[in-house]
Amino acid sequence: MSRYGIEPRVVLRQSLFRVRAEEAANPSLSVATVPKHSSFASASRGHTHSRGQALERAAVALRQRQFAEAEQFAAEVLKASRSDTAAVSILAQALIAQDRQEEAIAHLEKAARRSGDASIETLLGAALGGAGRRAEAIEQLRQATTRRPLFTPAFQELAGQLLKSGRVEEAIGVVESALALAPESIDLQLDLARLQLYRNERGKARAILLSAREAAPGRPDILIELARVQLLDGEYASAADTCRHALGLRPDDAMTRATLASCLLELGERDAGEANLRVAMRGGPQLLGRASHALAASSHGRFFFRPSALAKFLQAKPD
């Protein structure tokens, strides 16, 4: 944790509670159109059609964080076909999101043995890690990284599990090996920059981020990380400009707005900084600690002895 309360976002795909990877492996799994009625298609429409509808609904429910509904739809598909990899993936993600990792592991282990699918093996590794079985997770993920065609989330998940084990150098090595195979991957470049920032290698992180920004100028996540590096290096005006650019692309990002507030406070723009903190606090009470750090660490900030006083201050409308 830095003096600005910034904790580098070294998530590195620590959780695969999403269907993007599954969609990449299964292009036929589309959620562009979702039937409005809640019942499954009748038998007269054919098994393939009803399976597609069920998977669409399960995927949409998962994205909308309706995990019980996603579990239900995926389970219906599996009743007809126990070997349906897409349904297993969605079911497992829904179970993990409900803190039912062991149930997810049971389904994923069977599917992994049958299919040798890298996306299933990666999700299994994430589930094992979530269940506290870190050594098994790392072993499983190492196997997933050997699959071809290349599945980069396996490398990212492996790096995340290694990082959780305190094996930062190994995590960096994993991401670098993935980049050797997929040098144009912006996600991998971003993960490597985060890991370098975690090691406080800000120069290396900056170089990676500047290169990534040039390749993908419209990605706010690159700008967000670059702003953190600039802030940590004391380049407050540049960091503020980078934050504004990122917020132009992602205006509801409360953490980035809090970073902007830190920059403004350091520049002596207290009113603007505190106003941005108030806006950031609309993102939820979980940002109270971040706001407290921003105010207390700044040379132009404030200090509150009681969290309740800070919360009242941030909720108050400026005069």
Side-chain angles (χ1 to χ4, degrees), residues 1-12 186-187 189-191 193-198 200-304 307 309-319:
M1 184 76 74
S2 75
R3 64 174 283 227
Y4 301 105
I6 297 173
E7 200 164 338
R9 293 181 184 177
V10 286
V11 179
L12 301 176
I186 298 299
D187 287 335
Q189 293 175 39
L190 189 55
D191 287 340
R194 287 168 174 157
L195 282 167
Q196 296 292 3
L197 186 55
Y198 185 85
N200 202 31
E201 293 283 355
R202 299 197 297 271
K204 292 181 179 180
R206 180 191 292 262
I208 296 167
L209 292 167
L210 289 173
S211 176
R213 184 181 64 176
E214 184 175 348
R219 294 246 333 220
D221 46 358
I222 298 172
L223 298 172
I224 290 166
E225 298 303 332
L226 180 58
R228 289 193 176 92
V229 174
Q230 291 169 329
L231 176 58
L232 291 169
D233 282 342
E235 300 173 10
Y236 306 123
S238 296
D241 287 342
T242 304
C243 284
R244 292 188 184 99
H245 188 182
L247 288 167
L249 297 168
R250 190 185 289 172
D252 296 329
D253 190 325
M255 286 296 292
T256 300
R257 192 165 292 280
T259 302
L260 172 60
S262 293
C263 299
L264 295 172
L265 288 169
E266 289 293 353
L267 290 168
E269 300 178 28
R270 175 183 275 187
D271 290 344
E274 292 175 353
N276 274 278
L277 279 180
R278 290 189 174 95
V279 174
M281 279 296 295
R282 296 172 190 168
Q286 70 275 11
L287 290 167
L288 187 62
R290 176 70 181 87
S292 176
H293 273 285
L295 284 169
S298 171
S299 55
H300 300 280
R302 302 173 187 265
F303 182 78
F304 294 85
L310 170 62
K312 183 178 180 180
F313 172 76
L314 291 173
Q315 291 167 2
K317 294 182 179 180
D319 296 333

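If you read the sequence from its start, that first residue is 1, and numbering goes on from there.
Two residues are said to be in side-chain contact when any heavy atoms from C-beta on lie closer than 4.5 Å; Leu231 and Ser262 meet this criterion. Two residues are said to be in side-chain contact when any heavy atoms from C-beta on lie closer than 4.5 Å; Ile224 and Arg228 meet this criterion. Between Ile222 and Glu214, the closest side-chain pair of non-hydrogen atoms is not below 4.5 Å. Residues Leu232 and Leu197 form a side-chain contact, since some pair of their non-hydrogen atoms from C-beta on lies under 4.5 Å apart.
In this structure, CZ in Arg244 is found 5.5 Å from CG in Asp241, a value given to the nearest 0.5 Å. Within the model, atoms OG1 of Thr259 and CG of Leu264 stand 11.0 Å from one another, a figure rounded to the nearest 0.5 Å. Distance check: Leu277 CG to Leu260 CG gives 9.0 Å after rounding to the nearest 0.5 Å. In this structure, Arg257 CZ and Met281 CE are separated by 14.0 Å, a value rounded to the nearest 0.5 Å. Rounding to the nearest 0.5 Å places CG of Leu223 at 9.0 Å from SG of Cys243. For the atom pair Ile208 CD1 and Asp191 CG, the distance stands at 10.5 Å (nearest 0.5 Å).
Using a 4.0 Å cut-off between a side-chain N of Lys or Arg and a carboxylate O of Asp or Glu, Arg282 and Asp252 do not qualify as a salt bridge.
The two atoms that bring Ile186 and Ala212 nearest to each other are CD1-O, 4.2 Å, heavy atoms only. Considering all non-hydrogen atoms of both residues, Cys263 and Ala239 come closest at SG-CB, 3.5 Å.
For the pairing with Thr242, the side chain to side chain contact (heavy atoms under 4.5 Å, CB included) check across Glu235, Gln230, Glu225 returns one residue only, Gln230.
Donor-acceptor pairing under 3.5 Å is recorded for the side chains of Asn200 and Arg202.
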